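Just so it is clear, the structure is predicted and the values come from calculations on it, not from any experiment. Letters go in sequence order (proteins before strands), and every chain restarts at 1.
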Amino acid sequence: MLLLELISVTKIFGGIRAVDNLSVTFEKGQVTAIIGPNGAGKTTAFNIIGGMLQPDTGKVLYNNQSLSGLNMWNIAALGIGRLFQDVRLFKKMTVLENLMTAFQNQRGETVWRSMFIPFAENKVEKERKENSMQLLEKVGLQDEAETPAEKLSFGQQKLAAIARILATDVKLLLLDEPMAGVNPAMFKQLLNIVQKLTDEGRTVIFVEHNLDVVRNLAQRIVFMETGKITAVGTPQEVLNNPQVRAAYIGRGK
Amino acid sequence: MNYFFHIIIMINIYIILSLSLNLIVGMGGMLSICHAAFYGIGAYIGTLLMVNLGWTFLPALLVAIIGTAILSLIISIPSLRLKGDYFILGSMGFQSIVFILLYNWTDLTRGPYGISGIPSPSFLDLKISGLPLWFVFSTTVMFICSMFIIFLMKSPFGRTLKSIREDELAAAALGKNIPLFKIKTFALAAGFAAVAGMLFAGYMRYIDPTSFTMMESVFILSMIIIGGAGNIRGPVIGAIVLVVLPELLRFLGMPDAIAANMRQIIYGLAMIILIRCRPQGLLGDYKFT
């Protein structure tokens, strides 16, 4: 079932075609890796899907609905979640608070309930706390629940960020270089968790430079250079593609 | 004793102002220098209703709160696009415009002559006049306002506001409607500032634009910088310290003329030292970057 479709999407920054007439589809439940050299337009494509940027031409369809003109928060509410390259946890807030913030449709966020019936939220907040702890257990961070996010190691922060996105009831995950900068000790743990993300029917698209990770996780690879897709297919097909090897992988891999 | 009551009454008014500005600055992470404008708008709306139309305190207070909150949209909506320094400039602009209107729209506000004869608030048979009653009344209002602000800060609304302060992009990517939260925060802070304005008007029984200048906005902001931002203790301590300090100077035998300038020098020095050595203020949670 088609979940996400980019149709002739173009984005130009001052003369440079960051994304050039890009058309690609993503099936539900699939794990796709987007690989390519720096400047290929991978992050720009993510930004367009996530609503941080509007395409200059073309459109993005999610569940057959156009995302054109929608704000980031509207797009997030549709179930599209983004893991940023620089993680972006709420630094001064605890890990638990980070997750509690992420839950959708919190009635306690309205002024009326916050100011005039503050105790009405207590029961729901308790449930959120339990759900948050369950998510933290999934990523192995249950002991760090009350730790300010900035005190975690980079790898732990990534795990926390994944748990946070899971709290949003996400359907399509956009992971921007999930394994980058993670020290070897954390590597396996993170890899495990990213693998499990799809177990529950979610769709994952991730950008990665680490080809071992790509081979391990991806069912499908999209290869981009200079804003265009020049190869799409199974890992076998793409990673053995001579053009891809020449432009990106190099000899001997 | 009367002197003591007066100090406490002023502290109460400024606690309401600093806690409400903290919603914008400490919780929301938006540096605003127009809080005195809201303080003044609230005071003037209520005063005009009471003096010109004979309204009683409570209805005038309600309209002052709602009116000031609505008028805050004039600054909050355009400011949504402004980041950092430009946002501060925008708030400065709003503050200046409000002062200029209050000062020059003499048909409405009587400009620099001010409005006198503001009636004391009265509830059923009780008239709040005289320092002891004002002490009790202002402390009660301060506690009520603080209670609401604390509820806000500790609720999911407050938590989401902090998340917007920490990382706006990440919060948006989690589904938070950033402009809506910012607008609501401004309106809430403005509403509370209006309450402070009404207390001030009812207590002094006279208001004029010189009480609601940019300097006043900076004064309220410095309570947050010195006392601390983001939590509850910080702004409260800041309000107490900055109201009490000039009075202490008086006790040091300094004549009023010099004391006023000394006060400014001390505030300036205190802010510089604190921002340099302890950016989160005396008791605050949040450091300005």
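Contacts between B:Ala171 and chain A at a heavy-atom distance below 4.5 Å involve backbone atoms as well as side-chain atoms. A:Arg128 touches chain B through its side chain: at least one heavy atom from C-beta onward sits under 4.5 Å away, while N, CA, C and O do not. Interface residue B:Lys184: only side-chain heavy atoms are found under 4.5 Å from chain A. Both the backbone and the side chain of B:Ile178 come within less than 4.5 Å of a heavy atom of chain A. If you measure heavy-atom distances from B:Leu169 to chain A, the contacts under 4.5 Å come from both the backbone and the side chain.
Rounding to the nearest 0.5 angstrom, the gap separating the NZ atom in A:Lys91 from the CZ atom in B:Arg165 is 12.0 Å. Residue A:Met100 holds its CE atom at 10.5 Å from OG1 of B:Thr160, rounded to the nearest 0.5 Å. To the nearest 0.5 Å, the span separating CG on A:Asn71 from NZ on B:Lys176 amounts to 15.0 Å. Summarising the geometry, atom CE belonging to A:Met72 is positioned 11.0 Å from atom CG belonging to B:Asn177; distances are rounded to the nearest 0.5 Å. One finds the CG atom of B:Leu174 at 11.5 Å from the CZ atom of A:Arg88 (value rounded to the nearest 0.5 Å).
Each of B:Gly175, B:Ser155, B:Ala187, B:Gly230 has some count of heavy-atom pairs under 4.5 Å with chain A, and the biggest count is that of B:Gly175. Counting heavy-atom pairs closer than 4.5 Å to chain B, the top residue among A:Arg107, A:Arg82, A:Arg164 is A:Arg164. Looking only at heavy-atom pairs under 4.5 Å with chain B, the residue among A:Thr101, A:Leu89, A:Thr168 that has the most is A:Thr101.
The neighbour count for B:Phe123 CZ, taken as heavy atoms of other residues, nucleotides or ligands under 6.0 Å away, is above 12. Within a 6.0 Å radius of CG in A:Asn122, other residues, nucleotides and ligands contribute more than 12 heavy atoms. Applying the 6.0 Å contact sphere to CG of B:Asp85 captures no more than 12 heavy atoms from other residues, nucleotides or ligands. Enclosure of atom CD1 in A:Ile16 is not indicated, since only 12 or fewer non-hydrogen atoms of other residues, nucleotides or ligands lie within 6.0 angstrom. The environment of A:Phe154 atom CZ is dense: over 12 non-hydrogen atoms of other residues, nucleotides or ligands sit within 6.0 angstrom.
A pairwise comparison of heavy atoms in B:Phe151 and A:Ser114 identifies CB-O, 3.4 Å as the closest pair. Nearest approach of A:Trp73 to B:Pro179, heavy atoms of both residues: CH2-CD, 3.3 Å. The two atoms that bring B:Ala170 and A:Phe90 nearest to each other are CB-CE2, 3.9 Å, heavy atoms only. Contact detail for B:Ala172 and A:Ala76: the closest heavy-atom pair is O-CB, 4.1 Å.
Under the 3.5 Å distance criterion, the side-chain polar atoms of A:Glu97 are left unmatched by any main-chain donor or acceptor of B:Arg159.
Looking only at side-chain heavy atoms (C-beta outward), B:Phe181 and A:Glu109 come within less than 4.5 Å of each other. Taking the side chain as every heavy atom from C-beta outward, A:Glu125 and B:Pro156 approach each other to under 4.5 Å. Side-chain contact check for B:Ser163 versus A:Met93: some heavy-atom pair is nearer than 4.5 Å.
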